[in-house]
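Protein chains get the first letters and strands the later ones, always in sequence-line order, with residue 1 at the start of each.
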Number of protein chains: 4
Amino acid sequence: MQMTKSESAPAPASARPSSEAPARAKIREAAAGLFCATGYEGTSVATIAGQAGVTKAAVFYHYGSKEQLFDEVLDGYYERQRELFTEAVAGEGDPRARMHRVVDVYFRYLVDNRRYLMLVISVLASDSPHSENIQKSVTPLVEWLRQEVAGAVPEEGPSSIEHLYVTVAGAINHYFSHARTLEDIFRGPMMSEEALAERAAHLHWLVDAIFARIATDADANAK
Amino acid sequence: MQMTKSESAPAPASARPSSEAPARAKIREAAAGLFCATGYEGTSVATIAGQAGVTKAAVFYHYGSKEQLFDEVLDGYYERQRELFTEAVAGEGDPRARMHRVVDVYFRYLVDNRRYLMLVISVLASDSPHSENIQKSVTPLVEWLRQEVAGAVPEEGPSSIEHLYVTVAGAINHYFSHARTLEDIFRGPMMSEEALAERAAHLHWLVDAIFARIATDADANAK
Amino acid sequence: MQMTKSESAPAPASARPSSEAPARAKIREAAAGLFCATGYEGTSVATIAGQAGVTKAAVFYHYGSKEQLFDEVLDGYYERQRELFTEAVAGEGDPRARMHRVVDVYFRYLVDNRRYLMLVISVLASDSPHSENIQKSVTPLVEWLRQEVAGAVPEEGPSSIEHLYVTVAGAINHYFSHARTLEDIFRGPMMSEEALAERAAHLHWLVDAIFARIATDADANAK
Amino acid sequence: MQMTKSESAPAPASARPSSEAPARAKIREAAAGLFCATGYEGTSVATIAGQAGVTKAAVFYHYGSKEQLFDEVLDGYYERQRELFTEAVAGEGDPRARMHRVVDVYFRYLVDNRRYLMLVISVLASDSPHSENIQKSVTPLVEWLRQEVAGAVPEEGPSSIEHLYVTVAGAINHYFSHARTLEDIFRGPMMSEEALAERAAHLHWLVDAIFARIATDADANAK
DNA sequence: TATGAATGAGTCTTCATTCAT
DNA sequence: CATGAATGAAGACTCATTCAT
């Protein structure tokens, strides 16, 4: 996996109290990178330890088990994501403007944490119990969205907020999760600033298209 | 990945006639299920053999290696997908109608082969060389789409066919790939016929919204 | 632990069908020796494999786990023991004579399988679930004894068959189980043929003393 | 086993005054319980520390090594046992009466310290050097017994004091050491006061049976 | 006086793969 | 055609022990 952005920079997602033992942080960062690149099963504790520059035993000393280490890596991802969404929500504006802001936040987050997306995806692909962990983050977001657009979006049916969420989230994710298979189609690098800006523009365009359509539907119903 | 086919292998990898040794088929089916459920690394040859009711050695006798078996499973998925798209393409109608048809075909395909989607996803999540395999299937589809909607869709920019493809594909996939995390949001089972029908309706609604917006854009540009 | 008797001779307890894979037998014999000498926890699979002249993986191939291997070793011990007792029971004579015969059989068995006694003891010392295994062998023996001496021994109270069994079994076992701490007291080797003969004579003397006392008690009661 | 006492150890191994650091005592007590329940190999320093509510490092600080801790636990057992026997010996009466007293003392001791018996047994079962430690306690006891019953018991042969000691010790021990396998045979709990009283009565009955037989033998010899 | 952090050696176990039969 | 037996390498994890602070 190629990282357009800095490889060694401590990922935002893993920012932790500075009082943390340095070895602990090094282990988590190494683990994050490896879990994202090769998945849970594909990553061995020995490799993590090697990458972190500590002994295998140190990994177990600090995290107890491979599974717990994985959990903490995953938690860090969602913790940061929740923080960002909370900030994004704080602002003002009509539903469409808020939707744009949420889309931007999530899009930017994925730009910086593309590798984590792979982690999430690999968790969902296997039927591991970690997916509950992920669910805990998704549900509140959609519930919040439901409130934000209440009135502007039908409560039920094919254009309800659930469907819109899935569609927009899919639209954002897919660009990153399937990047490797799309390189031929998008001529030029998909992670360049220009390409990313264009994709962001598309997402705004998409949100507008959706809201326009909802408005049209409402008009038709009103008649 | 090199396919150093063992000399004594009983059948060419790509031919899968009904005369195929029954053990071979049973192994491939068991492998498909297990690879989808627990990924490549998470599935052991012993488990596959057990599920297929054959010995471990038989797996190697028929498929040479775990990798080759995996390749054949993956190939089978894309082979069928390609067949379906070819059929879907054959029909007539305006770009929007064709788009609806393609969406329907892919959607229905995922309904029947949801587990394979997980397989594809797990391949993409890890940086395994199998993703090339997947790319080979995606590129022709988009190129075909490009021709089909030529004229109706801008050639460049945020509403170009590449972006539309990613968005629609993402919208279709996400419903299935993230189903486990979305169950709370969609009250009731997501894979019931009603729920699937509603999702299909949403996808049509989405395609219409997109085409409507493109038309609006074209009008604005024309002025 | 010093073995007065042949060290390499296949122990009677491990006699198995000759169709058994030779490696399997070698592993079990090595395991038996080591488990007896150093206990379950104190014996590593690597050591067993080394002693048996096979690889570690072979041990798991043949026995699945360390625990299952241990079970089979233990089973072998009790299987043989049960066979011997069944033979001993078959004969005729009054209760005292039968008791003598059972004592002789068990005593001789311990002479040949002293190391197994250590195994049993180490199982009882830890609160492992293997002790159930042992119980299954003890209960039927006592029940049989109860029938054999019915009428000759009180059904209840301090001289009932349960107590006699415990006492005689303890008298037999202790000589072997505590041999290491008794060497100073018995001047000369405790496992020499003379020493063993003397101990056997003592056990007969003990049985006679017990039966004599039971007779005395019965006379006293009768009055 | 070498006792390379670490220079900074806070207290001599044998002195155990009430002024002892409370952590030290807590560690020893936790260790005693665990060693008895799961044996030396089966007990980890981490578990001991956890049970004692101290850190692993504290165990090493106070006891230097796992072996030394084990030694002290074992020493404590025999120290108390020696004290009890010394008291029991102090009284008067004929050999038979003294024998009864010694049996009672040892029996009562085991009732209170059953778990230690398991410890001793597990030591004997493995060929660890700790068994020398045990021997040091047994030899003096038998030598004292030899003097006490001098004249009343043959000096040699099957009814000599060595054999009687082994038999009686075995009779006492077996009830406790094999309790788990005997529960089916003794209906009702083996460690209830009634059951224990009955077992004690049996032991007295046994001693009487033995002395009666010795008297009979002496009469026969005298003739 | 006490401990948090660290570790090298070892634990049991699983793995994909080979090969004589 | 198929497999039982075997294995070297690697898997996650535990252990008693040390040491700077």
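Side-chain contact check for B:Tyr78 versus B:Val120: some heavy-atom pair is nearer than 4.5 Å. By the 4.5 Å heavy-atom criterion applied to side chains, C:Phe35 and C:Lys66 are counted as neighbours.
For C:Ser44, a side-chain nitrogen or oxygen approaches OP1 or OP2 of E:dT11 to under 4.0 Å. In this model, the phosphate group of E:dT1 is approached by a side-chain N or O of D:Tyr61 to a distance below 4.0 Å at OP1 or OP2.
Under the Watson-Crick and G-U wobble criteria, each requiring two contacts below 3.5 Å, nucleotide F:dA20 is paired to E:dT3. Searching all strands for a Watson-Crick or G-U wobble partner of F:dC13 with both distances below 3.5 Å returns E:dG10.
D:Phe70 and D:Tyr40 have perpendicular rings, their planes meeting at more than 60° on a 0 to 90° scale where under 30° would count as parallel.
A residue-by-residue look at C:His62 and B:Val54 shows that B:Val54 has its nearest nucleotide of DNA chain F further toward the 5' end. Map D:Lys56 and A:Ala57 each onto its nearest nucleotide of DNA chain F; the residue landing nearer the 5' end is A:Ala57. Where A:Thr55 and C:Ala46 meet DNA chain E, the nucleotide closest to each residue was compared, and A:Thr55 sits on the side nearer the 5' end. Along DNA chain E, the nucleotide nearest to D:Ala58 and the one nearest to B:Lys66 differ in position, and the one closer to the 5' end is contacted by D:Ala58.
The distance from atom CD1 of D:Ile48 to atom P of F:dC15 is 11 Å, rounded to the nearest whole Å. One atom, CD1 of A:Ile27, and another, P of F:dC13, lie 14 Å apart when rounded to the nearest Å. In this structure, CG of D:Leu34 is placed 12 Å from P of F:dA16, rounded to the nearest angstrom. A:Tyr40 places its OH atom 11 Å from the C1' atom of F:dG11, with the value rounded to the nearest Å. Here F:dC13 presents its P atom at 5 Å from CZ of A:Phe60, a figure rounded to the nearest Å. Between the CD atom of C:Glu41 and the P atom of F:dT14 there is a distance of 14 Å, given to the nearest Å. In this structure, A:Lys26 atom NZ and E:dA5 atom P are separated by 14 Å, rounded to whole Å. Rounded to whole angstrom, the span from the CZ atom of C:Phe70 across to the C1' atom of E:dT13 amounts to 19 Å.
No contact: A:Thr47 has no heavy atom under 4.0 Å from any strand.
Using a 4.0 Å cut-off between charged nitrogen and carboxylate oxygen, C:Glu72 and C:Arg24 count as a salt-bridge pair.
Neither side chain, C:Ser126 nor D:Thr38, offers a donor N or O lying under 3.5 Å from an acceptor on the other.
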